[in-house]
Amino acid sequence: MTIKKEVEFNQIVKDILENDKFIALKYERHHGISRLDHSLHVARMTYFMCQKLHLSDIAEITRAALLHDFYLNKENGNHAFTNHPDWALENANREFDLNPMQQNIIVSHMFPVGHAKPDCKESYLVSFADKSVATYEMLKYKVPLKMGALLIFAINFLAIQR
Ligand SMILES: [Fe+2]
Ligand SMILES: [Fe+2]
């Protein structure tokens, strides 16, 4: 991203990144990193895609992308199969003013999983950005971590056997 685009991106998301409740996502684990970092990755990817596709409403779409996983863990279980898009929408509505497009982006971002369907191209775009980023993060941070732990366990196990 150029410095000019970086400055514009920071202006778009500034107030969200200053919100105490949103900052709390820094302490939530998500794909082997923090949920704050994951949300920023998705927002940046969305911003980049909006530029490439010459979409209007870039600020609104990018802000909704940043807020798409705005929730604290309420229950155990696989993140993909909780109704966390509803929790994120509830929190985002409480803290920020959202238009109907932004609300649909957040609530439908797990499509085809979950009850909400994207009703505009912007929602499909953020859902795609989220899946792309999530796949990258899982491969980069989560799988190597688990493989590393497994390897250490195997080495120790073999050492004990000898
Ligand atoms: Fe999500
Ligand atoms: Fe996500």
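Atoms within a ligand are numbered from 1 in the order they appear, just like the ligands themselves. Remember, predicted model here, so these are calculated numbers, not experimental data.
Here the closest non-hydrogen pair linking Ser127 and Ser108 is OG-O, 4.4 Å. Between Asp15 and Arg63, the shortest heavy-atom distance links the atoms OD1-NH1, 2.7 Å. Across all non-hydrogen atoms, the minimal contact from His68 to His38 is NE2-NE2, 3.3 Å.
Here Lys4 does not pair with Glu8 in a salt bridge; the nearest charged N to carboxylate O distance is not below 4.0 Å.
Sorted by first then second residue, the side-chain hydrogen bond (donor to acceptor under 3.5 Å, both in side chains) pairs that include residues 19-28, not counting sequence neighbours, are Asn19-Glu95, Lys21-Glu95, Glu28-Arg35, Glu28-Asn73.
For the Fe ion (ligand 1), the neighbouring protein N/O/S atoms at less than 2.8 Å, given as residue and atom, are Asp69 OD1, His84 NE2, His109 NE2.
In the model, His30 has no side-chain atom that pairs as donor or acceptor with a side-chain atom of Asp37 under 3.5 Å.
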